[in-house]
2 protein chains.
Amino acid sequence: MKKKVNIKDIARLANVSHTTVSRALNNKSRIRPETKERILSIARQLNYRPDFIARSLVMKRTKTIGLVITTIANPFYTELSQGIEMTARELGYNIIFCSTNYDLSTEKQYIEMLRSKGVDGIIFTSAHIGDPNIMELADEGFPIILVNRRTYHLKVKERVDYVGVDNLLGGYMAVEHLIRLGHQRIGVVGGSSESSVGFERLEGGKRALKAYGIEPREEYFLEGNFLRESGYQGGKKFLQMVDPPSAIFATNDYMAIGVYQALIEEGVRVPEDIALIGFNDIELSGIKGIDLSTIGQKKFEMGAIATELLVKRIEGSETGPPKEIFLRPELVIRKTCGYDLKGYQVEPKYLNEASFKVDYMIKD
Amino acid sequence: MKKKVNIKDIARLANVSHTTVSRALNNKSRIRPETKERILSIARQLNYRPDFIARSLVMKRTKTIGLVITTIANPFYTELSQGIEMTARELGYNIIFCSTNYDLSTEKQYIEMLRSKGVDGIIFTSAHIGDPNIMELADEGFPIILVNRRTYHLKVKERVDYVGVDNLLGGYMAVEHLIRLGHQRIGVVGGSSESSVGFERLEGGKRALKAYGIEPREEYFLEGNFLRESGYQGGKKFLQMVDPPSAIFATNDYMAIGVYQALIEEGVRVPEDIALIGFNDIELSGIKGIDLSTIGQKKFEMGAIATELLVKRIEGSETGPPKEIFLRPELVIRKTCGYDLKGYQVEPKYLNEASFKVDYMIKD
DNA sequence: ATTGAATGCGTTAACGTTAACATCAAATTA
DNA sequence: TAATTTGATGTTAACGTTAACGCATTCAAT
């Protein structure tokens, strides 16, 4: 493997100092156009490739962003990641991919790595609700952004941006839709309580019940973990009840599909016997044979917005107070809920107080 | 933001030279245990975090690997990526994620980036069959590995490792299975001819036809692009024929599902009227309501093996001639093919000549 | 005791780049 | 014409680390 050419090699051939070469390469001012041209042409001839490592060492910038995710096995994160990666590329950044598999110490380890490697910022797509790692980063003023899930720490809220769908509204929409279809006995399979989105979607659902004067029944609220299996278990559990719900809201599509499997396995017709709605609108949900009603969100866009904002923070073109950006969820009605309410609109009165009131913030 | 501590800061406090600190941190020999302990404890106190950039600059190693992929939208690549990322982590490497969206110039751009950033090697999961970028890298002796798809360039073959499923065998198994179910009119929706896997799976299918003395019919071979839509189109096309096939092999599951949708949309029963088999065994295929028969492959493992091998090449612990590692495909029989041949075994005589004979190599 | 190796550490340079400052000539101004 | 600015370039240092080499001191072997 032949030696890599550096700016000094170019300098020698061009009869200038290496600084001048640097100036030419980064097209700075204070250089004669002819000199610059000469240098550039030599660089091209030598097939010069700048060494970002050396550059990073002096500039303290790597043009690299860390992406911390629990797992891309969930297609929701896949699409989110795509939005992130493509936007990063457009802005001249690379993404170091870190999947934690829901383990906080792996996350910690990754964060250490990323910082050692000098990433300019980190995107968290699936923050644990009281994540200490994120706290610490926020505390130090390290550039991070929370996407999709968030923590409720005051310290974090005061310092980091957040981009996500309005999960409270989404949960509200899902349950309101079921109510409008005439359902009164509504079961919910929630996500992990470690996750803000699970919490908020559930809370939204509860608010819908309240808004329509339906007394919530304790036994109708099951906690899952966002995986299909837990939806499946939930479905089975509901069916064992003497008075099972007539409609089920699962707080993500994976669990909804699990519920679906449990139901049809027991010979229950969906939606005739029990209606079903999920959350996320992953690709699978739209497939014929599944046809899951769900709450859709713009995942790709979400990733793009987050990346853009983080880069702005990194480059200093955005310096204002932390933002909370809530994307609008969208009701996607498919077979598992019936098609009879296509022109559905969210209650306007609710919309006015739409965005999530964070009254259960963690103070420490 | 307070200044980062470096080894010189530690050195000052420990009353040693910075070199000694470096020795302690990298637990090299030629240092007194007590000194080392003292330094380490100071480092811990100061919350020292090594600067990998500076280290990389002198060591010419970044402990970072580039992952070039077309798109993770396809769940096959998702799982493959997981295997890659997790293995990399275990080996102390990070992954820079690059999705090219099937565009060779984007790929080129990414490769330049990766090299500028000094990655130690690059993994290509979806090499274009005659990819010039890969040729160039191979030519320069830059550490790369091909996973899943490969090129047929002699130069590449002579220099870079490849890990993939035995696609020829897989294609053979798929079609052989259909034949054994009694089918004679077998249609194939192939993948892009730019891709080795599409080519090889198709070729395997053809060999099965030949082995069983079935005359291949030109109009039964359709070319798709691995996306669902193209399978859908293919399905429709088949149904318009006066004498449509009685069984269809789609060279990946996405297309197979597309075919499936087209068929049920036209009221064709699967498998009663037309049998169907795919390739990859993505998660979706196992879902109730889809139940696609398919050829399975160990995607996660594939990524793991590739990563491990690449790292070995990088670190010099593997120096032999390039390897071609073929993983064994697995017949996964579900509803779309019927369950009557569960104890299926590949023809032993075929197995003996199993692995892919590369007689259509590109010489230049 | 004398030599030789091993041990523990320091000094200096190097990696490839950018940035601060210096220099000198040409151009502009007073 | 002299003084000052501007423009084009060079010199040197710095970023934080590892590596090569050197120099004492200690220890073992003769």
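Every chain is numbered from 1, with letters handed out A, B, ... down the list of sequences.
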For the pair made of NZ in B:K36 and C1' in C:dG8, what is the distance, rounded to whole Å?
14 Å

Show me the donor-acceptor pairs within less than 3.5 Å that the side chains of residues 25-41 of chain A make with the rest of the protein, sequence neighbours left out.
{"residue": "A:N26", "atom": "ND2", "partner": "A:S22", "partner atom": "O", "Å": "2.7"}
{"residue": "A:N26", "atom": "ND2", "partner": "A:S22", "partner atom": "OG", "Å": "3.4"}
{"residue": "A:T35", "atom": "OG1", "partner": "A:R32", "partner atom": "O", "Å": "3.4"}
{"residue": "A:R38", "atom": "NH1", "partner": "A:A14", "partner atom": "O", "Å": "2.4"}
{"residue": "A:S41", "atom": "OG", "partner": "A:R38", "partner atom": "O", "Å": "3.4"}

Does anything in residues 46-64 of chain A reach DNA chain D, meaning a heavy atom under 4.0 Å, and if so which residues?
A:L57, A:V58, A:K60

Between D:dT11 and A:H18, counting only base atoms on the nucleotide and side-chain atoms on the residue, is there a donor-acceptor pair under 3.5 Å?
no

Within the structure, does a side-chain N or O atom of A:S29 lie under 4.0 Å from either OP1 or OP2 of D:dG7?
no

So what does A:N15 touch, heavy atoms closer than 4.0 Å: a base, only the sugar-phosphate, or nothing?
sugar-phosphate

Think A:S22 has a side-chain N or O under 4.0 angstrom from the OP1 or OP2 of C:dT18?
yes

Distance in Å, A:L91 CG paired with A:E308 CD, rounded so as to fall on 0.5 Å steps
6.0 Å

Distance-only donor-acceptor test (3.5 Å): side chain B:T19, base D:dT18:
no

Under-3.5 Å donor-acceptor pair between A:R32 side chain and D:dA8 base
no

Heavy-atom side-chain proximity of A:I145 to A:Y162 below 4.5 angstrom:
no

Take the C1' atoms of the five end pairs on each side of the helix from C:dA1-D:dT30 to C:dA30-D:dT1, get both axes, and report the angle to 10 degrees.
40°

Should A:K28 be listed as having a side-chain N or O under 4.0 Å from OP1 or OP2 of D:dA8?
no

Looking at B:N101, B:T70, B:N133, which one forms a side chain to side chain donor-acceptor pair (under 3.5 Å) with B:E107?
B:N133

D:dT6 C1' sits how many Å from A:I31 CD1, rounded?
16 Å

Whole angstroms only, please: what is the CD1-C1' distance between A:I39 and D:dA8?
11 Å

Kindly indicate whether the side chain of B:L309, heavy atoms from C-beta on, has any atom under 4.5 Å from the side chain of B:V311.
no

d(CD, B:E34; P, C:dT7) in whole Å
15 Å

Taking B:R61 for the side chain and B:I314 for the main chain, is one N or O donor matched with an acceptor at less than 3.5 Å?
yes

Check the phosphate of D:dC15 against B:N6, side-chain N and O only, distance under 4.0 Å to OP1 or OP2. Yes or no?
no

Side chains of A:N6 and A:D51: does their closest heavy-atom pair fall under 4.5 Å?
no

Over how many whole Å does the gap from A:R30 atom CZ to C:dT23 atom C1' extend?
12 Å

Taken to the nearest 0.5 Å, the spacing of A:I134 CD1 from A:T151 OG1 works out to 6.0 Å

Just to confirm, is there a sub-4.0 Å distance from OP1 or OP2 of C:dG10 to any side-chain nitrogen or oxygen of B:T20?
yes

Roughly how many Å is it from CG in B:D9 to P in D:dC15, rounded to a whole number?
11 Å

Output the rounded distance in Å from CZ (A:R23) to P (C:dG16).
20 Å

What nucleic acid atoms does B:I7 come within less than 4.0 Å of, heavy atoms only: base, sugar-phosphate, or nothing?
base

Tell me, please, whether B:Y110 has A:R89 positioned over its six-membered ring: NZ or CZ under 6.0 Å from the ring centre and within 45 degrees of its axis?
yes

Could you tell me whether the side chain of A:V147 reaches within less than 4.5 Å of the side chain of A:L80, counting heavy atoms only?
yes

